[in-house]
2 protein chains.
Amino acid sequence: MIDIIKSAYQHPLLSEEDLQRIASAHRKEEMEKGHVLLGEGKVANEYYILESGLIRSFVHDYDGNEITTEFFVAGEIVIVPTSLFRRSPSQETLVAVTGSVLLKIGFAEFQELFHGIPGFSEWGRLWFTHQLFAMKQRSLDMITETATNRYLKLMRDKPQIIQYVPLKQIASFLGITDTSLSRIRKEIIP
Amino acid sequence: MIDIIKSAYQHPLLSEEDLQRIASAHRKEEMEKGHVLLGEGKVANEYYILESGLIRSFVHDYDGNEITTEFFVAGEIVIVPTSLFRRSPSQETLVAVTGSVLLKIGFAEFQELFHGIPGFSEWGRLWFTHQLFAMKQRSLDMITETATNRYLKLMRDKPQIIQYVPLKQIASFLGITDTSLSRIRKEIIP
DNA sequence: GTCATTTCTTGTCATTTGGCAAGACGATAT
DNA sequence: ATATCGTCTTGCCAAATGACAAGAAATGAC
């Protein structure tokens, strides 16, 4: 478990002791495919490090269709920041696409670490910075890249997804219909 | 100046003294239309609170076209987080659309406040949370909303922009061509 | 194994948007 | 006043994508 912790919380200011303390604030949790980690309208009280498996988050649009907002793969932080940090009801639902193993940490425990370990708050700020960058890049890609390229990028970055996730859910993440995605795949593969 | 500071750094944990200390870390700076606050490839060493005026950020796509990534209006934090916090060259350029007045704070001064004032680091985390939410919303809008609706939203949220910014720059922010935007405006206005 | 359900593909046609180019309009400099 | 430059609009046609529907394939329940 400590290995996963070390790879997730990488920062020069974090000592071995810091990491031990951080690790002991986490609890291992396993769940089967389909389990809902956070339901729409609930307030998040924890976040997770994904040790193995695949997690998906989605929202509903005005017509009630599911729009996939994120795929979380092993090593990533599984979190709905707005709900956790503003203590507000989540618009997003978190659900396990496959059986998964996660390390869970509660909000209170996180707070303690954030204010008690300078390296941890630095890590936190860098994590946010990275997330912001990734989200901005995603917006930019929606503008500058064709649907085909967005699909190719996703395949390159998170190939696991193609294996386990229905086309429709991938399509909504890419901003197209499953029909279009089907045609795009036809163009690409041969 | 203290008023702007107070409205920008709102958090229950921040006392009057804290705000005074924060305020004194800022310096007022005025600049004329067209001034570049941060050039592509430079490392940001500060961020700003926009007191009045309008700032735009943009990147270049693979063809060298400018893509507007953000419009900053009065009261907002003008910043390129990745460059400032990772001390890395900025992909984005910050430029004044109109003459502007800003409150500037350096990276070192920010660091001191961030680690010296608990309420300030809490404020920082909430700011990041809000930014993340806004960026995610933007991605979602690019997927779920029509170009027309995206334009209407922008008009509603930041009407100042329409007045000062060329159509082409607004169009690239919305992910369409200036031609399309021109047609959309034609549909809307009458 | 069989049935039912979901997922994926494919066809047809409509809509949106882009690429390109011409012309109108407006601001500014001389 | 004229010339010039950037901005905005508009027309024409092409490309990408969506909506809808039918059928094939895969998956899961019993």
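Quantities reported herein were computed from a predicted structural model and do not represent experimental measurements. Here is how names work: the chains are called A, B, and so on, in the same order as the sequence lines, proteins then strands, and each is numbered from 1.
Atoms CD (A/E187) and P (C/dT10) sit 10 Å apart, rounded to a whole Å. Protein atom CD of B/E145 is 15 Å distant from nucleotide atom P of C/dT16, rounded to whole Å. Here D/dC20 presents its P atom at 11 Å from CG of A/N65, a figure rounded to the nearest Å. For the pair A/K33 NZ and D/dA29 C1', the computed distance is 13 Å after rounding to whole Å. Distance B/R183 CZ to C/dC20 P: 14 Å, rounded to the nearest Å. Between the CG atom of A/D63 and the C1' atom of D/dG18 there is a distance of 13 Å, given to the nearest Å. Straight-line distance from the NZ atom of B/K186 to the P atom of C/dT17: 15 Å, rounded to whole Å.
Atoms CG and CD, from B/L54 and B/Q160 in turn, are 7.0 Å apart once rounded to the nearest 0.5 Å. Of the inter-residue distances, the one linking A/N65 atom CG with A/K168 atom NZ reads 7.0 Å to the nearest 0.5 angstrom. Note that OG of B/S52 and CD1 of B/I4 are 8.0 Å apart. Values are rounded to the nearest 0.5 Å. Rounding to the nearest 0.5 angstrom, the gap separating the CD atom in B/E51 from the CD atom in B/E29 is 12.5 Å.
Listed by residue number, the members of residues 146-169 of chain A with any heavy atom below 4.0 angstrom from DNA chain C are A/P166, A/L167, A/K168. Residues from residues 172-181 of chain A placing a heavy atom under 4.0 Å of any atom in DNA chain D, listed by number, are A/G175, A/I176, A/T177, A/T179, A/S180.
At a threshold of 4.5 Å between side-chain heavy atoms, the hydrophobic network of Ile, Leu, Val, Met, Phe, Trp and Tyr places A/L13 and B/F85 in two separate groups.
Each end of the helix from C/dG1-D/dC30 to C/dT30-D/dA1 gets its own axis from five base pairs, and the two axes differ in direction by 50°, given to 10 degrees.
A donor-acceptor contact closer than 3.5 angstrom links the side chains of B/S139 and A/S139.
A salt bridge does not link B/R27 with B/E46: every distance from a Lys NZ or Arg NE/NH1/NH2 to an Asp or Glu carboxylate oxygen is 4.0 Å or more. B/R56 and B/E66 are joined by a salt bridge, as a carboxylate oxygen and a charged side-chain nitrogen come within less than 4.0 angstrom of each other. Ionic pairing of A/R21 and A/E109 is not present here: no N-O contact between side-chain nitrogen and carboxylate oxygen is shorter than 4.0 angstrom.
The only option from A/Y47, A/W127, A/Y9 that meets the ring pair (Phe, Tyr, Trp, His ring centres under 6.0 Å) definition with A/F110 turns out to be A/Y47.
Looking at heavy atoms from C-beta onward, B/H11 lies out of side-chain contact with B/D18 at the 4.5 angstrom threshold.
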